[in-house]
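Letters A, B, ... are given to chains in the order of the sequence lines, protein chains preceding strands, and every chain is numbered from 1.
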2 protein chains.
Amino acid sequence: MGTKQFKGSPMEADLARADSLAREIFSDVANKWAFLIIEFLGDRTLRFSELRKEVEGISHKMLTQNLRMLERNGLVERNVHPTVPPRVEYTLTEAGQALRMTVDGMCGWTRRYLGHIEDSRRRFDA
Amino acid sequence: MGTKQFKGSPMEADLARADSLAREIFSDVANKWAFLIIEFLGDRTLRFSELRKEVEGISHKMLTQNLRMLERNGLVERNVHPTVPPRVEYTLTEAGQALRMTVDGMCGWTRRYLGHIEDSRRRFDA
DNA sequence: CGGTATCCCTGCAGATACTG
DNA sequence: CAGTATCTGCAGGGATACCG
C-alpha cells in the first residue's frame, strides 16, 4: 500500500512488515461476507440467529467463521449470556464502526452507479 | 441494501431486482484482488505486465479474470494498441475512480487500526 | 506482449450430526 | 440457541502450453 518511496531506508524492514500485515488484513476483511455482516450489523446488537436471517444466503458455517475472523481482528465484540438456551450477541467495535463508514461508502457507490454498471454490462456482453 | 422499509409497497418488485443486482455487484467487486487492482491503478495508466508487477502475488489468470470483470462492470477502460508486440493499457473510469475513493478509505482504515488489530489478534490467539 | 485454453489439485464451503 | 466436528463435492485458482 504505497511504501515504495522508502526503499533502501533504515525503516524498510519495519515498513515491509507493516505492509505485509496490511496486505493480510486486507485479504481477511475485503470479502463479501465480512462486508455484508458489517453492513447489516450497523450500530445494532444482533444475535447469531438474527444475523443469519439478515445476511441472506450465508450458511451457518460461513457466519461463524467470518464472525470469528472479525472478532480476532477486533472488529466485532462477542457477548455471551450464560443462560439456557445460550444467547450470543454481536456488536461492532469502534474499529468496526470506522470500517463500516467505508463499507457504507461502497453501498452508496453501488446505488449511484447501478445504472452505469447495467449499461456497461449489456454493452460488454454483446 | 436496506430497502426493508418499502416492503409491501408497489415498488417492492423493482427494489428487489435492484437489491439483488446490487448484491451481485457487491459480490463481484468486494474481493481483495479487485480492490488491490483499483488501488494500484489509481489515476495512472498501466499495461498488463506493469500491473502484474505492482500487484504482487497475483497470477496471470487472476489478473485477466479480474480485469475482465472490472471492464464488464465499467470500472476500468481497456485500450489495445494494435502494434506488435501488442500493448494493452488499463485506466480507471469515472465509476472506477469513485470506487477508488472508498478503497482508499479502507487503506487508511488499515493503517490507522493496524496496532489495534495486532493487539486484538494477540489477545484472541491466547 | 497479452490472452485463451487445458489440466489438475487444493481448499473452500455446504450438508449433516452431535454437544453444552 | 450457538458452536464444533466430520465428510464430501466441486470450483477457484495455479501451472503450463500454445495462439495472434
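Tested against A/Glu89 for a side chain to side chain donor-acceptor pair (under 3.5 Å), the candidates A/Arg47, A/His81, A/Arg78 yield a single pass: A/His81.
Distance CZ (B/Arg52) to C1' (D/dG14): 11 Å, rounded to an integer number of Å. One interatomic measurement links the two molecules: CD of A/Glu71 to C1' of D/dG3, which rounds to 12 Å at whole-angstrom precision. Atom CG in A/Leu63 sits roughly 12 Å away from atom P in D/dT4 (whole-Å rounding). Note: CG (A/Asn79) to P (D/dG3) measures 12 Å, nearest angstrom. In this structure, B/Asn66 atom CG and C/dT4 atom P are separated by 14 Å, rounded to whole Å. If you take CD1 of A/Ile58 and P of C/dG14, they are 8 Å apart, rounded to a whole angstrom.
Nearest-nucleotide positions on DNA chain C place B/Arg87 closer to the 5' end than the other of B/Arg87 and A/Trp33. Taking for each of B/Gln65 and A/Glu50 the nucleotide of DNA chain D with the nearest heavy atom, the 5'-most of the two is the partner of A/Glu50.
Checked by distance alone, B/His60 brings no side-chain donor or acceptor within 3.5 Å of a matching partner on the base of D/dG14.
Here the straight-line distance linking atom CG of A/Leu63 with atom CD of A/Gln65 works out to 10.0 Å at 0.5 Å rounding. The distance from atom CZ of A/Arg100 to atom CD of A/Glu94, rounded to the nearest 0.5 Å, is 13.5 Å.
One finds a side-chain N or O of B/Tyr90 lying less than 4.0 angstrom from the OP1 or OP2 phosphate oxygen of C/dG3. Distances shorter than 4.0 Å separate none of the side-chain N or O atoms of A/Arg78 from OP1 or OP2 on D/dA2. The side chain of A/Thr83 places no N or O atom within less than 4.0 Å of a non-bridging phosphate oxygen (OP1 or OP2) of D/dC1. Not one side-chain nitrogen or oxygen of A/Ser59 sits closer than 4.0 Å to the OP1 or OP2 atom of C/dA15.
Of the candidate nucleotides C/dT6, C/dG3, D/dG3, C/dT6 has the atom lying nearest to any side-chain atom of B/Lys61. The side chain of A/Thr64 approaches D/dG3 more closely than any other nucleotide in the set D/dA2, D/dG14, D/dG3. Distance from the side chain of A/Met62 is smallest for C/dA13 among the nucleotides C/dG3, D/dG14, C/dA13. The listed nucleotides are D/dC1, D/dG14, D/dG3; the one nearest the side chain of A/Val88 is D/dG3.
A/Asn31 and B/Asn31 share no donor-acceptor pair across their side chains, judged by distance under 3.5 Å alone.
When side chains are defined from C-beta on, B/Ile58 does not count as touching B/Phe40, because their heavy atoms never get closer than 4.5 Å.
Among the protein residues, B/Arg47 comes within range of the sugar-phosphate backbone only, with heavy atoms under 4.0 Å from sugar or phosphate atoms but none that close to a base. Among the heavy atoms of the strands lying under 4.0 Å from B/Arg68 are primed sugar atoms or P, OP1, OP2 only; no base atom is included.
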